Amino acid sequence: QVQLVESGGGLVQTGGSLRLSCAASGRTVSNYVMGWFRQAPGKEREFAAAINWTGSVTYYADFAKGRFTISRDNAKNTVHLLMNSLKPEDTAIYYCAAAVTLGVMSSRGGFWGQGTQVTVSS
């Protein structure tokens with residue numbers, strides 16, 4: 001089993017930045033795809049970004065391209081999401097996920113954290 005704990009959420013003004021972190025425990029996640037999803041009130045959970053196990057390949061949703069950067073540190077079993085130029089529409093609960101493939105993760109398989117709230121004020 002893998003336990004994932006997110007941190008770094010909070011309240012920020014439009015245009016501001018936040019860096020989310022996800023710490024994995026229980027077993028190493030160095031062989032897993034790691035990703036971030038988000039869910040806004042009244043909306044379905046949506047994909048934000050993912051990174052392959054070596055960190056050499058990244059994937060971004062259109063809304064995240066150019067503003068969000070995902071990275072990982074396998075030695076520390078952590079993954080980060082740096083979010084710049086935040087907008088009110090980025091307000092959501094952000095979830096960290098780990099899975100053997102992005103397809104499994106997109107099907108809501110794998111392991112998931114409890115989420116961290118990000119609120120962007122206008």
Side-chain angles (χ1 to χ4, degrees):
Q1 288 291 329
V2 174
Q3 292 80 44
L4 302 173
V5 178
E6 303 94 337
S7 62
L11 175 64
V12 65
Q13 292 185 333
T14 296
S17 298
L18 282 175
R19 184 175 186 251
L20 305 184
S21 296
C22 174
S25 62
R27 60 185 291 181
T28 180
V29 293
S30 60
N31 293 332
Y32 285 75
V33 174
M34 301 293 294
W36 290 91
F37 285 66
R38 70 181 189 182
Q39 188 166 17
K43 296 187 177 181
E44 293 189 354
R45 192 173 299 189
E46 63 177 350
F47 169 76
I51 188 167
N52 75 334
W53 69 279
T54 65
S56 61
V57 181
T58 55
Y59 311 86
Y60 294 98
D62 285 343
F63 67 79
K65 291 177 181 177
R67 298 191 301 130
F68 294 6
T69 302
I70 188 170
S71 62
R72 68 188 296 164
D73 184 339
N74 286 338
K76 296 182 179 179
N77 247 15
T78 57
V79 64
H80 305 283
L81 185 68
L82 175 61
M83 305 186 295
N84 294 322
S85 303
L86 284 164
K87 307 173 183 179
E89 50 264 44
D90 293 318
T91 295
I93 298 174
Y94 283 72
Y95 296 90
C96 175
V100 291
T101 68
L102 185 54
V104 169
M105 187 183 296
S106 298
S107 300
R108 305 297 184 263
F111 304 96
W112 291 78
Q114 294 299 307
T116 185
Q117 177 70 48
V118 171
T119 303
V120 185
S121 63
S122 58

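Just so it is clear, the model here is predicted, and its values are computed rather than measured.
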Check: Is it true that the side chains of S71 and H80 contain a donor and an acceptor less than 3.5 Å apart?
Finding: no
Note to self: Do Y59 and V100 land in one hydrophobic cluster if side-chain heavy atoms of ILVMFWY residues count as linked below 4.5 Å?
What the structure shows: no
Notebook entry, point to check: What distance do F47 atom CZ and S106 atom OG have between them, rounded to the nearest 0.5 Å?
Noted result: 6.5 Å
Checklist line | Distance-only donor-acceptor check, side chains D73 and T78, under 3.5 Å | finding: no
Notebook entry, point to check: Would a distance-only check, ignoring hydrogens and angles, find a side-chain to backbone donor-acceptor pair under 3.5 Å from E6 to T116?
Noted result: no
Notebook entry, point to check: side chain to side chain contact (heavy atoms under 4.5 Å, CB included) with F68: which of N84, T58, L82, L81?
Noted result: L81
Checklist line | T28 side-chain N/O to S30 backbone N/O, donor-acceptor pair under 3.5 Å | finding: yes
Notebook entry, point to check: Does one hydrophobic cluster hold both L20 and I93, with members joined at side-chain heavy-atom distances below 4.5 Å?
Noted result: no
Check: Quick one: is the NZ or CZ of R45 closer than 6.0 Å to the six-membered ring centre of Y95, and within 45° of its axis?
Finding: yes
Notebook entry, point to check: Centres of the W112 and F37 rings: under 6.0 Å?
Noted result: yes
Check: Got a second to check how far R72's CZ is from I51's CD1, nearest 0.5 Å?
Finding: 6.0 Å
Check: Under 4.5 Å between side-chain heavy atoms, hopping through other hydrophobics if needed: is there a path connecting V118 to F63?
Finding: yes
Notebook entry, point to check: Are side-chain heavy atoms of D90 and R67 found at a separation under 4.5 Å?
Noted result: yes
Notebook entry, point to check: Are any of the side-chain heavy atoms of M105 and V33 separated by less than 4.5 Å?
Noted result: yes
Margin query: Take a 6.0 Å sphere around CD of Q114 and say whether it holds more than 12 heavy atoms from other residues, nucleotides or ligands.
Written below: no
Checklist line | Any side-chain heavy-atom pair of Y94 and Q117 under 4.5 Å | finding: no
Notebook entry, point to check: Roughly how far, to the nearest 0.5 Å, is the CD atom of Q3 from the SG atom of C22?
Noted result: 11.0 Å
Item checked: Option among N52, L102, V29 that satisfies the side chain to side chain contact (heavy atoms under 4.5 Å, CB included) test with M34 -> V29
Notebook entry, point to check: To the nearest 0.5 Å, how far apart are OG in S121 and CG in L86?
Noted result: 10.0 Å
Margin query: Do the side chains of D62 and K65 get close enough for a salt bridge, i.e. N-O under 4.0 angstrom?
Written below: yes
Check: About how many Å separate CD of Q13 and OG of S122, when rounded to the nearest 0.5 Å?
Finding: 9.5 Å
Next item on the list: Please lay out, stage by stage, how I70 and V79 fare under the test side-chain contact (heavy atoms from CB on, under 4.5 Å).
Entry: CA-CA 7 Å; I70 188 170; V79 64; 3.9 Å; yes
Check: Which value, rounded to the nearest 0.5 Å, describes the distance between E44 atom CD and R38 atom CZ?
Finding: 14.0 Å
Notebook entry, point to check: Does N74 reach the main-chain N or O of W53 with its side chain, forming a donor-acceptor pair under 3.5 Å?
Noted result: yes
